[in-house]
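See below for the structure under consideration.
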Amino acid sequence: MSELTDKLKKDIESFKINSREELEHFRLTYLSKKGRVSSLLGKIGSIAAEERKLFGQKVNAVKKLAHDKLEEAEQRLHKSQKTSRKATDDISLPASSLSLGVAHPLSQTLTRIKDVFYRLGFSIADGPEVEDDFHNFTALNFPPEHPARDMQDTFFIKKSDAPNTDDLVLRTHTSPVQIRLMKNGTPPFRSIMPGRVYRNESITAKSYCLFHQVEGLYVDKNVSLAELKDTLIMFVEMIYGEGVRYRIRPSFFPFTEPSLEMDIWWGDDETGKWLEILGAGMVHPNVLQSVGVDPEEYRGFAFGMGVERIAMLFYGIDDIRLLYDNDLRFLQQFQ
Ligand code: DAH
């Protein structure tokens, strides 16, 4: 009978346990109720009485061997699972980096713009994206039927039966927030008003049906055009660096007088061109009057800048649509 125990012993010894599955297979084969150890022990009745004692001892020794092997394998697998480290792993290698999301280039640009104006003492205000005609146009000195309204291709909101909805628009600029700010407070005012605006324009590399602006308003007793120029120059120098090439030229907006625009040079000296980044001016007396601020006592300057433009110039992006496609290959460049 000793051949049987010897064979079992050999099989147990040569069994390789390198995974949870093999461990379970080993346990079932040798140590379960119907396993080979039990069935060998079950044969004890058929063994000659004088050999039983020795046979029993041998089977028990084999059983212990199987138990020890099982325990050793269990501990070994448990440990390697905890570290999940293979013998071939080089633990001195740097850990693989986590891929973290980053702020969208437009958000990063807006944060930079806000930082500049925080430092210049401006607070932040906001207003609704669905506006009425009064705030978007009338209070900003756009007379009814005036062609200046066509400067901004407006999305009108379909009239409904609800009261006061027959003149709603998606705001075409952030300037209506100036009106809300001044109507709801008393001077002085010194705020920026970031937000999304909408224009019914065809979508091209340069224009999109929605974009972002940051409006600025400073109203106090002695605000001057010189201060406006200083503020704008300081702004572009803080965003683009002191060597930035800019120009300020006269322009027209119904809500400012005089009005101006600021351009930044895009590209290299010979082949580049001027790109407009903002409009600005001294708040028109009619605007102050429409919100109950006395233009004899107060003066102000205002500006409105395009966040997309500023971002595109900052990063060298030549197609505005890239900012809205959410293509990871593009976005991952703004770590
Ligand atoms: N609202 C103007 C636009 O969207 C930009 C602008 C120009 C805002 C002059 C101003 C300003 O506050 O003073 O084109």
Side-chain angles (χ1 to χ4, degrees), residues 113 117 120 122-129 131 133-142 146-155 169-183 189-201 206-220 223-233 235-236 246-264 275-291 293 295 298-310 320:
I113 296 172
F117 287 102
L120 296 176
F122 285 70
S123 61
I124 295 205
D126 68 1
E129 290 179 21
E131 265 298 3
D133 181 274
F134 174 77
H135 290 88
N136 199 78
F137 293 119
T138 306
L140 288 161
N141 199 34
F142 287 83
H146 193 279
R149 289 185 185 224
D150 296 339
M151 280 166 72
Q152 303 177 341
D153 305 293
T154 311
F155 283 114
V169 299
L170 292 182
R171 68 179 178 195
T172 54
H173 51 176
T174 43
S175 301
V177 191
Q178 289 185 32
I179 302 298
R180 292 182 178 273
L181 185 75
M182 289 193 283
K183 257 190 5 187
F189 300 102
R190 201 193 313 183
S191 296
I192 55 165
M193 297 147 258
R196 187 174 282 186
V197 303
Y198 301 84
R199 301 259 175 108
N200 191 1
E201 284 175 1
K206 285 220 187 93
S207 66
Y208 205 70
C209 51
L210 63 90
F211 55 98
H212 297 78
Q213 289 188 332
V214 174
E215 192 79 14
L217 178 72
Y218 178 29
V219 173
D220 206 338
V223 179
S224 68
L225 183 63
E227 269 174 292
L228 171 59
K229 276 181 68 181
D230 261 5
T231 306
L232 298 180
I233 291 167
F235 168 73
V236 294
Y246 62 84
R247 74 175 182 194
I248 292 173
R249 57 188 165 76
S251 184
F252 169 78
F253 301 101
F255 36 90
T256 43
E257 182 57 39
S259 303
L260 55 90
E261 280 177 318
M262 190 173 204
D263 303 330
I264 296 284
L275 280 187
E276 176 210 327
I277 57 159
L278 59 83
M282 300 305 291
V283 181
H284 196 290
N286 290 354
V287 173
L288 295 175
Q289 236 148 15
S290 76
V291 292
V293 172
Y298 289 98
R299 284 198 287 175
F301 69 64
F303 55 84
M305 57 182 70
V307 181
E308 278 74 0
R309 266 294 167 80
I310 290 171
I320 192 170

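Just so you know, these numbers come straight off a predicted model, no measurement behind them. Start at 1 and go down the list; that is how both ligands and their atoms are numbered.
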Discussion item. Quick test of your reading of the structure: of Arg199, Glu276, Gln178, His173, whose heavy atom lies closest to atom 14 (O) of ligand 1?
Written reply: Arg199
Item to complete: Determine the interplanar angle of the Phe142 and Phe137 rings, folded into 0 to 90°, and report it as parallel if under 30°, tilted if 30 to 60°, perpendicular if over 60°.
Response: perpendicular
Worksheet item: Numbering the atoms of ligand 1 from 1, which are under 4.0 Å from a heavy atom of Gly304?
Response: 6 (C), 8 (C), 10 (C), 12 (O)
Discussion item. Within the structure, is a non-hydrogen atom of Met305 found at a distance of less than 4.0 Å from ligand 1?
Written reply: no
Discussion item. Geometry only, no angles: is Gly279 polar-contacting ligand 1 at N/O separations under 3.5 Å?
Written reply: no
Response to the item:
Within the 4.0 Å heavy-atom cut-off, what Ser175 brings close to ligand 1 is side chain
Worksheet item: Should we count OH of Tyr208 as having more than 12 external heavy atoms under 6.0 Å?
Response: yes
Discussion item. Is Arg171 close enough to touch ligand 1? Criterion: a residue heavy atom under 4.0 Å from a ligand atom.
Written reply: no
Worksheet entry | Interfacing atoms of ligand 1 (cut-off 4.0 Å, heavy-atom, Thr256) | 13 (O)
Fill in: Salt-bridge present (Asp263, Arg249; N to O < 4.0 Å)
yes
Worksheet item: Any chance the rings of Phe255 and His173 have centres within less than 6.0 Å?
Response: yes
Item to complete: For Phe301 and ligand 1, answer yes if some heavy atom of the residue is under 4.0 Å from a ligand atom, otherwise no.
Response: no
Practice prompt. Could you tell me whether ligand 1 has any atom less than 4.0 Å away from a heavy atom of Gln213?
Written response: yes
Discussion item. Under a 3.5 Å threshold, yes or no: a donor from one side chain and an acceptor from the other, between Ser290 and Asn141?
Written reply: no
Worksheet entry | Per-atom contacts of ligand 1 with Gly281, taking only distances under 4.0 Å to non-hydrogen atoms | 13 (O)
Fill in: Ion pair check, Glu201 and Lys206, cut-off under 4.0 Å
no
Worksheet entry | With sequence neighbours excluded, residues passing side chain to side chain donor-acceptor pair (under 3.5 Å) with Tyr198 | Glu129
